[in-house]
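Order of the sequence lines fixes the chain letters, A, B, ..., with proteins taken first and strands second; residue numbering starts at 1 for each chain.
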Amino acid sequence: DQQVKQNSPSLSVQEGRISILNCDYTNSMFDYFLWYKKYPAEGPTFLISISSIKDKNEDGRFTVFLNKSAKHLSLHIVPSQPGDSAVYFCAASGGDSGNTPLVFGKGTRLSVIA
Amino acid sequence: KAGVTQTPRYLIKTRGQQVTLSCSPISGHRSVSWYQQTPGQGLQFLFEYFSETQRNKGNFPGRFSGRQFSNSRSEMNVSTLELGDSALYLCASSLLVESSYEQYFGPGTRLTVT
């Protein structure tokens with residue numbers, strides 16, 4: 001049973017345009033959400049996170065939106081750059097005072113075309 | 001500050017053998033988590049250690065085990081290797097219990113079972 005779903009395995013975007021990566025979750029106990037970026041032959045690197053008490057968090061070109069009623073979050077990258085080409089993982093955690101492991105989606109491969 | 005290191009980076013083993021992977025967390029980090037990444041499956045949580053104790057465990061068979069030493073370094077062991085164990089094994093460390101969300105990943109160990 002997949003608790004965190006990234007339904008788009010891949011996404012192609014023109015340089016300078018907006019990239020929107022989506023993530024859905026099923027566990028209503030999740031209260032903290034993160035996005036990681038992964039380049040080939042490297043471990044994932046933390047990008048941005050959001051707590052369930054917020055509906056938006058912004059960091060430079062990256063913004064994460066959370067819609068709790070829809071159990072949906074999205075990552076917006078504006079403007080997209082070729083260096084953003086990577087696999088993006090959505091992850092969630094929650095319940096039990098935070099001592100719960102991260103649950104990851106299967107990832108979305110973003111290709112930014114120059 | 002040095003990042004998370006994992007050794008070896010690449011490993012080839014034969015079915016039926018056993019393997020031990022090592023992870024050194026960021027200095028001062030007491031929590032170490034292990035993940036398995038296979039194509040199309042995202043990151044699957046194996047287990048987490050905190051202060052030498054296993055705190056969380058994922059849904060993997062007993063062939064997968066781990067431990068953590070007093071200096072927070074961690075090892076994971078896989079016995080009786082199967083072809084399906086071929087994967088990238090990632091280790092992540094975090095500083096505080098409540099901060100386990102923002103995990104810092106190592107580069108991973110690529111295990112190939114033939």
Side-chain angles (χ1 to χ4, degrees), chain A residues 1-10 21 23-25 27 29-54 57 59 64 66 73 86-109, chain B residues 2-10 21 23-26 29-51 53-60 66 87-110:
Chain A
D1 179 32
Q2 232 186 310
Q3 299 185 71
V4 177
K5 298 177 184 178
Q6 294 177 256
N7 292 319
S8 299
S10 62
L21 295 95
C23 178
D24 297 295
Y25 62 96
N27 189 339
M29 294 298 290
F30 288 148
D31 59 6
Y32 201 83
F33 305 87
L34 307 89
W35 285 93
Y36 283 83
K37 180 168 75 171
K38 185 179 185 301
Y39 292 118
E42 295 182 12
T45 55
F46 170 74
L47 201 54
I48 192 170
S49 62
I50 187 168
S51 164
S52 60
I53 62 173
K54 296 183 176 180
N57 188 26
D59 184 2
V64 56
L66 175 62
L73 64 156
V87 178
Y88 289 78
F89 291 98
C90 169
S93 182
D96 195 22
S97 303
N99 292 339
T100 54
L102 291 177
V103 180
F104 284 83
K106 294 185 178 181
T108 296
R109 182 178 300 278
Chain B
V4 177
T5 59
Q6 292 187 246
T7 56
R9 291 293 310 275
Y10 302 92
L21 312 180
C23 171
S24 293
I26 293 172
H29 287 201
R30 295 166 64 191
S31 168
V32 173
S33 298
W34 288 89
Y35 295 84
Q36 180 195 66
Q37 185 188 9
T38 52
Q41 291 300 315
L43 281 73
Q44 304 287 319
F45 173 75
L46 280 154
F47 28 64
E48 181 211 359
Y49 286 87
F50 180 81
S51 294
T53 301
Q54 187 180 86
R55 185 166 64 179
N56 283 297
K57 188 177 187 305
N59 295 322
F60 277 80
L88 179 67
Y89 290 89
L90 292 159
C91 164
S93 74
S94 58
L95 179 60
L96 296 171
V97 170
E98 288 76 15
S99 298
S100 64
Y101 310 117
E102 295 181 14
Q103 296 181 338
Y104 299 87
F105 284 85
T109 294
R110 171 77 58 189

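Side chains of A/Y25 and A/L73 form a contact here, defined as non-hydrogen atoms less than 4.5 Å apart. Looking at heavy atoms from C-beta onward, A/F89 lies out of side-chain contact with A/L102 at the 4.5 angstrom threshold.
Remark: B/F60 CZ is packed, more than 12 non-hydrogen atoms of other residues, nucleotides or ligands lying under 6.0 Å away. In the displayed structure, B/K57 atom NZ is contacted under 6.0 Å by more than 12 heavy atoms of other residues, nucleotides or ligands.
The greatest number of non-hydrogen atom pairs below 4.5 Å with chain A, out of B/F105, B/Y35, B/F45, is found for B/F105. Taking A/K38, A/Q6, A/E42 one by one and counting their heavy-atom pairs under 4.5 Å with chain B, the maximum is reached by A/K38. Per-residue heavy-atom pair counts under 4.5 Å with chain B were compared for A/G43, A/S49, A/G107, A/P44, and the maximum is reached by A/P44.
Residue B/L43 touches chain A through both its backbone and its side chain, counting heavy-atom pairs closer than 4.5 Å. B/R9 touches chain A through its side chain: at least one heavy atom from C-beta onward sits under 4.5 Å away, while N, CA, C and O do not.
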> When you look at B/Q6 and B/L21, which way does the side-chain contact (heavy atoms from CB on, under 4.5 Å) test go after all the steps?
Replying inline: CA-CA 8 Å; B/Q6 292 187 246; B/L21 312 180; 5.9 Å; no
